[in-house]
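Please read the structure below before turning to the comments.
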Amino acid sequence: MNGAMNRKLLFIFGPITGVVMFAAVVIIATLLTNREYKEPYRAPAATVDTTPRTEGLTAEKADAEAKAKAKPYQEVEYRTFPVVGSRVAIWAVAQLHLLFAAFVLAVPIFAFIIEVIGYKTGDQRYDRLAYEFTKLLSTSFSLTATFGAFLTFMLIILYPKFTNYLMSVFSPTFLPYVLLFFFEAFFLYTYYYGWGKFHPLVHLGLGLGLNLVGTGIMLIANAWLTFMMSPRGVSDQGAVLSVWDAIYNYTWMPINVHRIIANVAFGGSVAAAYAAFKFLQATTDEERAHYDWMGYIGNFVAISAFLPLPFAGYWLAKEIYAFSQTLGLTMMGGAFSWLFIIQAVLIGNLFLAANYYLWLGMGRVEGMQPLQKFIKFLLVGIALCFAVWATPRSIIATVSEIRAMGGSAHPILGYLGVMSAKNTAVNILILTTFMSFLLYRRTGKIATVAWAKTGHATQLAIFAGAAIIVIFLGIYGYFVEATVRIGLSVPQVSSVLFAMVSITAIDIFLFRGASMTGEVRWGRMPAISQYVLIFIAVTFTWLMGLMGYVRSGLRQHWHVYGVIRDTSADAFTPTLGFATQVVSATVLMFFALIAFVFWITSLHDRPDYKGRERNRQVREHAGAGDVGLTEAS
Amino acid sequence: MKIPHTIRVGALVLAATSFYTYVGQMVPQKEVQPPQETVIRADLTTDDMVKVGREVMDNKGLCFTCHTIGKTEGPFRFPDLAGVDERAMTRVKGLSDIEYFAQTLYEPNAFIVPGFNPGMPTINKPPIGLTDQEILCVIAYLQTLGGKATVTLQTSHHYYTPAAAPGAAPGAAPASAQGAAPGAPPAAPAAAPGGAPTSPAAPAAGAAPVKPAAAPAGAPAPTAPTKGTR
């Protein structure tokens, strides 16, 4: 009864709100109109005698009008955004646009791959899972486009001169961009609404088209932003010499690769967060099993992409140094060096959370006990690497402490703050997380191939070999000159990559036809595991915000580094504390909006209104029956 | 009371972002302002130039992003500058300390100190873009690290020749770097009416203009100076 009453009230409340809002608009408009300046009443000119004073005033007015008419057009350089200022406004809008764009570009990549697996294996679960991921795209795409338009208008309004310059340099890229955007809309909506309506191969073709077009859009947009960081193809004064050189600048390709990988990691984590949220809301075992599996796949995608991400980061940093040592050193040794300590905390948390989720996941599988004993070693390894990575080179200290230490670097811990130690720590972290993946993969399985013992030994030897190489080169780096030391990161990275690829390859053959000690019980996960997935998504988002800041802030007081100087009031580089506040604000805004996306998506599975009404009535009747029975008894 | 999952998730998102914001407040907070142009008066003495040079190196020049002074233990990213003038006098055969410093600033890849990677930016070009006078001041400061400052605003070197200083003595040539590289093009014999100092060590009496007509920023060196071993 109350429910029905509430609905009636809501039904009335809607139109009333509409009328009130309309009335409010009319009142405000009336007030503003009334406040408009009105000329005071003057007697008609014909009735006024001409006096020297009035003649003077008339001449003055005519002169002012003539000057106004003759005033040449001057391009405004900057405009100010109220309260927060232009930079923060652009920063927040750009970051939100990038986060949604990253999500919209990433989800089709792994939805397509999952659909291909479903098509090849004939397992309908994969097809359903790919569709579930794709459902998140429609609203996200609209929000991406909205924020893209918002960003463009904000640039034109707040930074007109610079935007004009950028548009003049990249004018040939805009029409292809629009065209690709149109194709993106076509492919995305056909892919989503056409699920199950076409031959599977046609549908996969649509998915492929969506991914290709999306990547094309990203490549064009990346050219604009990387040009600002590492300009090429223009004269010292900014005149365009070659558009292609402007596009293919030093950091364009590394950013393209870095972004594709980071987008997949970020998209996977947000999709896993969606699954986690649905898992927590699930009421049946079947739903829990489905969303547990979806969360696992999303997280698997995120962490798989996350592992090679530092390598793409190395390449990007190398190209930044190649373009300008000053820019590179500002990043790693100057104003932004402490930012990488914050980054270390974030990445350390990501590794810890990802490993914890995998260890909890082992509980899904019967017969996990033999592998559980390794977890404590992995945890110790991760914690140690985390500590090393988060150790700064110079320590904030008082004058007397600095005197006692003999400098701003601690006599012992200071050695952990240099690149040799940090490169070693991150490589061991990657190896450890890879080991967790491997243990998870093996849970509940026993290899039955004839060469099982040799296979295990070989894997162990490769793993140990890679770890020894990484640690040895890390220590060796302390005893050689800078020229040699910089080059040591290459064999470190190569040995880790080799270990990951070769151990996985051996594992695939080793566990082919393995005997199972127990089944995977999807849905049998503690609730905390789902909160871990959400925490991972928040951390990824925050990390993207932070690294977006360093990429952009690195230019410091330049719009286009070394070519177009920022002369606005916001030309200074803010403190890291302020930057993290802005990053947090945008992350919270993103999650508020992504909650809206999740809600819209969940409407898809909601029973229609009539069905829900019928169910409600049935429940009410049943409830009344119970009450009647109770009273009768 | 059971807290709904939506509230818990919201609290988790808020707590995680708050934690990361807190971490951001824990690191050193430094607001970096765009570099200010250093005003170089025409009547700067060599001692003044040393002070200005240090200021330029601290701020606009960004020198201490990479270089250190008096650091005794590695790892070194780039050469430590303690005692650099002493080394500069003999680092490249045929180049005086002033010419060597000018070369490292205007054409940094001409000679790379053994054991280090190339990495020094061209200092008179953006993004750093020091003026010729600022560079002279930097040279003056560098000379004090292991030697004695001798540079004046009238000192010419391979990459820069001061324009005529109004009021300088007629016929007087601008001071040139001590022991300039043999074979290097002679400094332009710009007339310095009013008596520009002929000795590099002499103070800049006679007042050079604040902004002499210097070679255009970024102009290539007339000829390649003597190269050292890389």
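A quick note: this is a predicted structure, and the numbers were derived from the prediction, not measured. Here is the naming used below: chain letters follow the sequence lines, and residue numbers restart at 1 for every chain.
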Between Phe78(B) and Gln325(A), does the side-chain contact (heavy atoms from CB on, under 4.5 Å) criterion hold? Intermediate values first, please. CA-CA 11 Å; Phe78(B) 288 96; Gln325(A) 286 275 343; 3.7 Å; yes
Part of Tyr22(B) lying under 4.5 Å from any heavy atom of chain A: neither
Residue Ser420(A) versus chain B: region with a heavy atom under 4.5 Å: neither
Rounded distance [0.5 Å steps], CG in Leu62(B) versus CG in Leu329(A): 10.0 Å
Nearest-0.5 Å distance that lies between atom CD in Glu31(B) and atom CZ in Phe578(A): 9.0 Å
What residue in Pro126(B), Pro121(B), Gly24(B) has the most heavy-atom pairs under 4.5 Å with chain A? Gly24(B)
Best-contacting candidate, Ser18(B), Gly119(B), Pro118(B), Ala15(B), against chain A by heavy atom pairs under 4.5 angstrom: Gly119(B)
Any donor-acceptor pair under 3.5 Å linking the side chain of Gln33(B) with the backbone of Phe572(A)? no
Toward chain B, the part of Phe591(A) with a non-hydrogen atom under 4.5 Å: side chain
Engaged part of Gln556(A) at the chain B interface, taking heavy atoms whose separation is under 4.5 Å: side chain
Ser584(A) side chain to Thr17(B) main-chain N or O, any donor-acceptor pair under 3.5 Å? yes
How long is the span from the CD1 atom in Ile128(B) to the OG1 atom in Thr326(A), to the nearest 0.5 Å? 4.5 Å
Crowded around Phe479(A) CZ? As in, over 12 foreign heavy atoms under 6.0 Å? no
Just wondering, do Gln281(A) and Thr6(B) contact through their side chains at under 4.5 Å, heavy atoms? yes
Look up atom CD in Gln29(B) and atom OG1 in Thr580(A), then write down how far apart they are to the nearest 0.5 Å. 7.0 Å
Nearest 0.5 Å please: distance from the CD atom of Gln25(B) over to the CD1 atom of Ile342(A). 8.5 Å
Any non-hydrogen side-chain atom of Pro34(B) less than 4.5 Å from a side-chain atom of Arg565(A)? yes
Separation of Tyr20(B) OH from Leu546(A) CG (nearest 0.5 Å): 11.0 Å
Part of Arg555(A) lying under 4.5 Å from any heavy atom of chain B: neither
So for atom CD1, which belongs to Ile69(B), do other residues, nucleotides or ligands contribute more than 12 heavy atoms lying within a distance under 6.0 Å? yes
Mind listing the closest non-hydrogen atom pair of Ala16(B) and Val538(A) along with its distance? CB-CG1, 3.7 Å
Is chain B contacted by the side chain of Tyr321(A), its backbone, both, or neither, given a heavy-atom distance below 4.5 Å? neither
Derivation and outcome, side-chain contact (heavy atoms from CB on, under 4.5 Å), residues His5(B) and Tyr531(A): CA-CA 10 Å; His5(B) 286 301; Tyr531(A) 289 107; 2.9 Å; yes
May I ask you to name which of Thr539(A), Val587(A), Val583(A) has the most heavy-atom pairs under 4.5 Å with chain B? Thr539(A)
